[in-house]
Amino acid sequence: MYTKPILLAGYLQTTALTVFVLNVTLEISLWEEERYTDGSKWKFLEHKGPVFAPPYEPLPSNVKFYYDGKHMKLSPQAEEVATFFAKMLDHEYTTKEVFRNNFFKDWKKEMTPEEKSKITNLSKCDFTEMSEYFKAQTEARKQMSKEEKQKIKEENERIVQEYGFCVMDNHKERIANFRIEPPGLFRGRGDHPKMGMLKRRIRPEDVIINCSKDSKHPKPPPGTKWKEVRHDNKVTWLVSWTENIQGSIKYIMLNPSSRIKGEKDWQKYETARRLKKCVDQIRAQYRDDWKSKEMRIRQRAVALYFIDKLALRAGNEKEEGETADTVGCCSLRVEHIKLYPELNGQEFVVEFDFLGKDSIRYYNTIPVEKRVFKNLQLFLENKQPEDDLFDRLNTSILNKHLQELMDGLTAKVFRTYNASITLQQQLKELTSEDNTPAKILSYNRANRAVAILCNHQRAPPKTFEKSMQNLQSKIDAKKDQLADARRELKSAKADAKVRKDEKTKKAVETKKKAVQRIEEQLMKLEVQATDREENKQIALGTSKLNYLDPRITVAWCKKWNVTIEKIYNKTQREKFAWAIDMADKDFEF
DNA sequence: GTCCTCACTTAGGAAGATCGAG
DNA sequence: CTCGATCTTCCTAAGTGAGGAC
């Protein structure tokens, strides 16, 4: 309960929002205490530690595994790993060569010597009984009675209450991911060389706990020990462990609604707003640098132009063979672009075609300025398709340069800035004094413009065509209904003209209202259809959650009298609580 | 510079919960 | 009340970028 006022108090320091000042005087002093200048993230941190994955439950003896058509009883370790595969049997992954090979190699490591000598070919393994068994279990769970479901829900709730919260500097905060990732088969995205590898079970002995010395330390499960308990208040995580696929560290951290995340988020948008103030100058500078005598500066300037204009990601180098082959701006290769001196009546066109983060394809053809084009031709000279386009540049060089142009400026700030400024400008352009659904369509379209800019795609929903058809038939039905209502209105009017009594007059009014209501409903459906069609392959969520300054949205809602609930759901409102409290209708990004 | 480690943000899909039409 | 569609939450992979060792 006291989280919010303290949070607010912090924001009050930079926004002259006086309404809340009176009742948070006490908390302001608390907040002041908590503003660390030495890089500390907290003074006090107490939590209950992570929730571990439930132990493996062996299959009932009637669920059999067959090798080469013959029943084979597997050792518990081998069986557990087999179930991971069985659970994915319907997934495309299990048809992929790389996935199957990686899985089989890791599975064999879990087998007893006898199993290993017998099971030599994955194609001879029959997991269907296991698969059917798990499907039946899922089905059974769905068919449970209301009471049983309620019981499970309550048990889950109890776990959340016990492990889902921590105390950080007097605030009780929600933890984002307090459950340790269960073992399973690694599902990389795109053409990942490690897909199918066994992600091993994490034990308390693998886990590092971070909390304050003076807190009640979390207890490891009976008979176990933590790898380490440390008290590092320069970081925000509560628990960490090293994952075995890439050797990277995983963390348990706080929910986006927490003070520590909210403040960071706010800071991010403030940095982007500072960029707004100097972006013109930076643009002038990189345009000038296109003419530089030095190759490295020209490359830097062209790359920055792409990052700015196309909202490309920075593009760190990646270790070859360890991950899917994806790139960002600085890691673009010759094979990822094509130059057309002329294309479809436009001059100096660049075609981009590459796989970005999560192996999402970026495809775009854009006309660029002649100077950029000439530079690109120069960068391509004497290179092979697999050579780097920007061979004198990497993200570190670029970011060092950006840091000199503005304090806190990095490549990703451009994405945030361009996303937010686009939303603001599109909202201005598209919104008009209209009914609420039309305003919301405008909002979604502005949001969509950003999602397109940032290349946030999604797989078209499997049911997309059908759901479009359903909506269309609803629209047709509504149109018929409207025609009927109009006919009735007409006859009622005619009737009233003849009879001229109160009763028929009233009837006309009623029919008029009915027509209006149906017109409204029809319009709403049509808007919905437009929105859905335009959204087929576009994901709005990512930009909404990570790129758009929420204060723009809050201000828009206030200005146009749209309730915030129409734009942000409960989780989003919690995450953006700071903005909802802070922004008024005149906020400008 | 280059490599490596670490912490943190950003990302799309899967699973689960809720809604609304019939 | 049931079922499929849709919305929300969960999950965890995949990025960014700072900083330190050499």
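Order of the sequence lines sets the chain letters (A, B, ...), proteins ahead of strands, with each chain counted from 1. Note that this is a predicted model, so its numbers are computed, not measured.
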Positions of residues 313-322 of chain A (non-hydrogen atom under 4.0 Å from DNA chain B), listed by number
A/Arg313
May I ask you to say what A/Arg392 touches in the nucleic acid, namely base, sugar-phosphate or nothing, with a heavy-atom cut-off under 4.0 Å?
nothing
Measure from CG on A/Asn535 to P on C/dA5 and round the result to the nearest Å.
19 Å
Pick base, sugar-phosphate or nothing for A/Lys412, based on heavy-atom distances below 4.0 Å to the nucleic acid.
sugar-phosphate
Are A/Ser240 and B/dC6 close enough that a side-chain N or O sits under 4.0 Å from OP1 or OP2?
no
Classify A/Lys261 by what it touches in the nucleic acid, base, sugar-phosphate, or nothing, heavy-atom distance under 4.0 Å.
sugar-phosphate
Using a 4.0 Å heavy-atom cut-off to protein, can you give one letter per nucleotide of nucleotides 14-22 of chain B, 5' to 3': B if the base is in contact, S if only the sugar-phosphate is, - if neither?
S---S----
Is A/Gln246 touching bases, backbone alone, or none of the nucleic acid, heavy atoms closer than 4.0 Å?
sugar-phosphate
Answer with base, sugar-phosphate or nothing: what part of the nucleic acid does A/Ala459 contact at a heavy-atom distance below 4.0 Å?
sugar-phosphate
Provide, to the nearest angstrom, the distance between the CG atom belonging to A/Asn177 and the C1' atom belonging to C/dC11.
9 Å
Give a yes/no on whether any side-chain N or O of A/Lys250 is located under 4.0 angstrom from OP1 or OP2 of B/dC8.
no
Just how far, in rounded Å, is P of B/dC8 from CG of A/Leu238?
11 Å
At 4.0 Å (heavy atoms only), tell me whether A/Ala411 reaches a base, stays on the sugar-phosphate, or touches nothing.
sugar-phosphate
So, OP1 or OP2 of C/dA13: does either fall under 4.0 Å of a side-chain N or O from A/Lys194?
no
Establish, from distance only, whether the side-chain atoms of A/Glu534 and A/Asn444 form a donor-acceptor pair under 3.5 Å.
no
For A/Thr326, answer base if it contacts any base atom (sugar-phosphate contacts may also be present), sugar-phosphate if it contacts only those atoms, and nothing otherwise; contact means non-hydrogen atoms under 4.0 Å.
sugar-phosphate
Hey, which sits more toward the 5' end of DNA chain C by its nearest nucleotide, A/Glu181 or A/Gln572?
A/Gln572
Plane angle bin for A/Phe127 and A/Phe103 - parallel if under 30°, tilted between 30 and 60°, otherwise perpendicular
perpendicular
Examine A/Phe186 together with A/His192 and report whether their ring centres are nearer than 6.0 Å.
yes
Length of the CE-P vector between A/Met253 and B/dC6, whole Å:
13 Å
Answer yes or no: is there a donor N or O on one side and an acceptor on the other, between the side chain of A/Arg274 and the main chain of A/Asp407, under 3.5 Å?
yes
Considering only heavy side-chain atoms of A/Ile249, the closest of C/dG15, B/dG12, B/dC6 is B/dC6
Using a 6.0 Å distance limit plus a 45 degree cone around the ring axis, check whether A/Arg174 lies over the aromatic ring of A/Phe165.
yes
Contact under 4.0 Å: A/His192 side-chain N or O vs C/dA14 OP1/OP2:
yes
A/Trp226 vs A/Phe52 aromatic rings, parallel, tilted or perpendicular, using cut-offs 30° and 60°?
parallel
Would you kindly give the CG-to-P distance between A/Asn233 and B/dA7, to the nearest whole Å?
13 Å
For residues 189-204 of chain A, pull every pair meeting salt bridge (Lys or Arg N to Asp or Glu O under 4.0 Å), keeping only residues two or more places apart or in separate chains.
A/Glu80-A/Arg201, A/Glu181-A/Lys199, A/Arg189-A/Asp358, A/Lys194-A/Glu322, A/Arg200-A/Asp206, A/Arg203-A/Asp206
Indicate, with a heavy-atom threshold strictly under 4.0 Å, whether A/Lys41 touches base, sugar-phosphate, or nothing.
sugar-phosphate
Distance, rounded to the nearest Å, where A/Ile538 contributes CD1 and B/dA11 contributes C1'
16 Å
Nearest whole angstrom, please: distance from the P of B/dT2 to the CG of A/Asn394.
7 Å
Does A/Thr542 put a side-chain nitrogen or oxygen below 4.0 Å from OP1 or OP2 of B/dG12?
yes
With a 4.0 Å cut-off on heavy atoms, is A/Tyr251 in touch with a base, just the backbone sugar-phosphate, or nothing at all?
base
Nearest-nucleotide check on DNA chain B, A/Lys575 vs A/Asp232; residue mapping nearer the 5' end is A/Asp232
Heavy-atom closest pair (A/Ala272 atom, A/Phe589 atom, distance to 0.1 Å) is CB-CZ, 3.8 Å
Under the 3.5 Å rule, do the base of C/dT8 and the side chain of A/Lys570 count as making a donor-acceptor pair?
no
With a 3.5 Å distance limit and no angle check, can you tell me whether A/Asp169 reaches the backbone of A/Lys43 through a side-chain donor-acceptor pair?
yes
Would you please confirm or rule out a distance under 4.0 Å between OP1 or OP2 of C/dT16 and any side-chain N or O of A/Arg415?
no
Classify A/Pro256 by what it touches in the nucleic acid, base, sugar-phosphate, or nothing, heavy-atom distance under 4.0 Å.
nothing
Rounded to the Å, how far apart are A/Met195 CE and B/dG12 C1'?
15 Å
For the pair A/Thr94 (side chain) and A/Leu89 (backbone), establish whether a donor and an acceptor sit closer than 3.5 Å, ignoring hydrogens and angles.
yes
Residue pair A/Ser396/A/Ala539 against DNA chain B: nearer the 5' end by closest nucleotide is A/Ser396
Heavy atoms only, 4.0 Å cut-off, all strands: where does A/Gly356 land among base, sugar-phosphate and nothing?
sugar-phosphate
With respect to the phosphate group of C/dC11, does any side-chain polar atom (N or O) of A/Arg189 fall under 4.0 Å of OP1 or OP2?
no
Mind checking whether A/Phe576 and A/Trp578 have parallel, tilted or perpendicular rings, split at 30° and 60°?
perpendicular
N/O donor-acceptor pair under 3.5 Å between A/Asn244 side chain and A/Leu198 backbone
yes
For C/dG17, does OP1 or OP2 lie under 4.0 Å from any side-chain N or O of A/Asn399?
yes
Hey, does A/Thr236 reach any base, or is it just sugar-phosphate, or nothing, if we go heavy atoms under 4.0 Å?
sugar-phosphate
At under 4.0 Å between heavy atoms, what does A/Lys199 touch on the DNA or RNA strands: base, sugar-phosphate, or nothing?
sugar-phosphate
